[in-house]
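The block underneath contains the structure these notes are about, expressed in structure tokens.
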Number of protein chains: 2
Amino acid sequence: MTKRRYGQHCGIARGMELVGERWAILIVRELLLTPRRYTELLRRLPGIPTNVLATRLKELEAEGVIERKVTPRPGSGVVYDLTPYGRELEDILLRLWRWGISALPVSQDSGRPSMDPAVRALQASFRPEMAAEVNAKFEIWFGTFVMHATVDQGRLEIGPGASPAPDLIIDCRSSMTPLLKGDVTADECVESGRFWITGDRELLGLFGDLFRAPSEAAQ
Amino acid sequence: MTKRRYGQHCGIARGMELVGERWAILIVRELLLTPRRYTELLRRLPGIPTNVLATRLKELEAEGVIERKVTPRPGSGVVYDLTPYGRELEDILLRLWRWGISALPVSQDSGRPSMDPAVRALQASFRPEMAAEVNAKFEIWFGTFVMHATVDQGRLEIGPGASPAPDLIIDCRSSMTPLLKGDVTADECVESGRFWITGDRELLGLFGDLFRAPSEAAQ
DNA sequence: CCGGATCCTCGGTGATACTG
DNA sequence: CAGTATCACCGAGGATCCGG
């Protein structure tokens with residue numbers, strides 16, 4: 001099994017040897033939030049052939065990026081998780097997310113977003129430099145999904161599930177992507193019916209400032 | 001020419017569609033420092049087939065990552081350069097460099113480093129958080145190559161060529177990689193003969209602090 | 001059901017030769 | 001110098017099968 005190499009003594013080339021093969025980064029992406037089982041990965045990566053998934057998992061494990069764990073729990077399952085080294089990719093992936101979203105076609109917003117892309121989207125769009133001294137609790141609804149985003153002294157805590165005492169609830173009747181891309185303002189989202197909000201409306205502008213992928217890319 | 005897609009409405013997947021194909025990121029890497037001609041890229045990317053280079057260049061151009069420019073200068077050349085959008089990848093590539101270098105085998109240091117990897121290496125290893133209030137001019141020699149790194153009020157200016165009035169000159173008799181990886185200290189590099197230095201030796205420790213890829217990766 | 005392995009086809013990659 | 005043309009090969013894609 002001679003892996004494809006670039007033969008350059010360079011960190012970038014080496015990095016791409018580790019996670020540059022097709023589907024590899026998306027597998028890492030899937031493991032960013034939580035460990036996953038083989039069939040979960042298959043389901044969450046529509047289009048990946050089973051043999052490619054199996055091959056990538058073995059390669060990533062051999063390279064020390066992910067770990068295969070056999071859970072002793074009832075039902076004896078196998079889960080894949082990131083190693084500490086693999087988890088260091090998180091920051092890179094968030095930046096890649098920001099970069100790539102600029103080149104995303106304006107979707108027809110039809111595909112209702114599942115939870116994880118939404119969590120990642122907000123996480124990647126968070127701008128810490130806008131959050132100094134900020135304290136606010138947001139709750140975001142996507143149809144039947146609920147997630148929370150709490151900013152506490154400039155730190156972001158984000159994940160699925162409701163917020164205990166949200167200052168502002170944003171009910172996304174449509175995708176949040178245009179807001180994150182900077183194509184529209186948060187106020188416009190409310191005015192156009194894209195968002196329905198409950199709570200402290202004053203925080204709406206803050207939300208738009210806190211979560212925004214860089215727009216200089218649009219040029 | 002149907003490009004390979006992932007079919008996910010996700011910035012990471014989209015980003016990998018743009019620059020995830022084989023050799024694409026290394027082409028971007030080559031353009032990070034300066035525009036390059038076709039044959040320069042061929043020479044600087046040993047092993048890339050000419051048709052693959054041609055294909056990637058066309059794809060990257062179509063995607064808005066790079067630009068093909070016909071220079072009106074004598075000799076009528078074609079050069080490829082990053083677009084502003086493509087240049088936004090710089091930060092991501094530097095982080096990937098940091099991440100990938102941890103998985104680099106301890107090379108036999110034989111291949112004399114060309115200039116650009118060295119510039120990139122230092123650039124990627126720079127830790128701004130260590131540079132507050134720092135003013136220092138370094139000059140680094142690699143055999144016949146010379147580069148400079150000037151830290152001015154925490155800002156780094158780095159590139160090929162000598163420094164006008166260096167505070168410290170580091171003559172690398174061997175690779176700088178072990179230092180950047182944190183395997184050795186700057187002092188040890190001098191003691192072992194890996195570096196020869198001229199100038200203010202007091203700045204040596206500072207240099208080691210300023211330029212160091214994160215070591216928690218090693219574990 | 002889970003966690004893959006196997007088989008087959010197709011197209012991208014790698015290597016080389018060639019051209020305006 | 002800046003690519004095209006040609007071709008062998010192997011990895012991706014897609015489906016199916018299999019042991020626990």
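Lettering of chains follows the sequences in order, A, B, ..., and the numbering in each one begins at 1. All values below were derived from every heavy atom in this structure, side-chain atoms included, with hydrogens, water molecules and symmetry-related copies excluded.
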- Query: What is the per-nucleotide protein-contact pattern of nucleotides 13-20 of chain C, from the 5' end, where B denotes a base atom under 4.0 Å from a protein heavy atom, S denotes such proximity for sugar-phosphate atoms only, and - denotes neither?
  - Reply: SBBBB---
Length of the [atom1]-[atom2] vector between [X] and [N], whole Å:
X: B/L53; N: D/dT4; atom1: CG; atom2: P; result: 11 Å
X: A/L45; N: C/dG3; atom1: CG; atom2: P; result: 15 Å
X: A/L57; N: C/dG4; atom1: CG; atom2: P; result: 8 Å
X: A/R44; N: C/dG3; atom1: CZ; atom2: P; result: 15 Å
X: A/Y38; N: C/dC2; atom1: OH; atom2: C1'; result: 10 Å
X: A/L26; N: D/dG13; atom1: CG; atom2: P; result: 11 Å

Could you tell me which non-hydrogen atom of [X] sits nearest to which non-hydrogen atom of [Y], and how far apart they are?
X: B/I158; Y: B/V119; answer: CD1-O, 4.0 Å
X: B/V19; Y: B/A24; answer: O-CB, 3.6 Å
X: B/F195; Y: B/S175; answer: CE2-O, 4.3 Å

- According to the interplanar angle, ranging from 0 to 90°, do the rings of B/Y85 and A/W99 count as parallel (below 30°), tilted (30 to 60°) or perpendicular (above 60°)? parallel
- Message: Quick check against the 3.5 Å criterion: does B/K69 have a side-chain atom that pairs as donor or acceptor with the backbone of B/P35?
- Response: no
- Item | Lys NZ or Arg CZ of A/R120 over A/W97 ring: under 6.0 Å, within 45° | no
- Stacked cation flag B/R22 on A/Y6, 6.0 angstrom / 45 deg: yes
- Query: Base, sugar-phosphate, or nothing for A/R68, non-hydrogen atoms under 4.0 angstrom?
  - Reply: sugar-phosphate
- With axes from five pairs an end, tell me the bend angle of the helix from C/dC1-D/dG20 to C/dG20-D/dC1, nearest 10°. 30°
- Please determine, for the side chain of A/A54, which listed nucleotide (D/dA2, C/dG3, C/dA5) has the closest atom? C/dA5
- Task: Ignoring backbone atoms, establish whether B/K58 has a side-chain N or O less than 4.0 Å from OP1 or OP2 of D/dA2.
- Result: no
- Query: OP1, OP2 of C/dC2 versus side-chain N and O of A/Y80: anything below 4.0 Å?
  - Reply: no
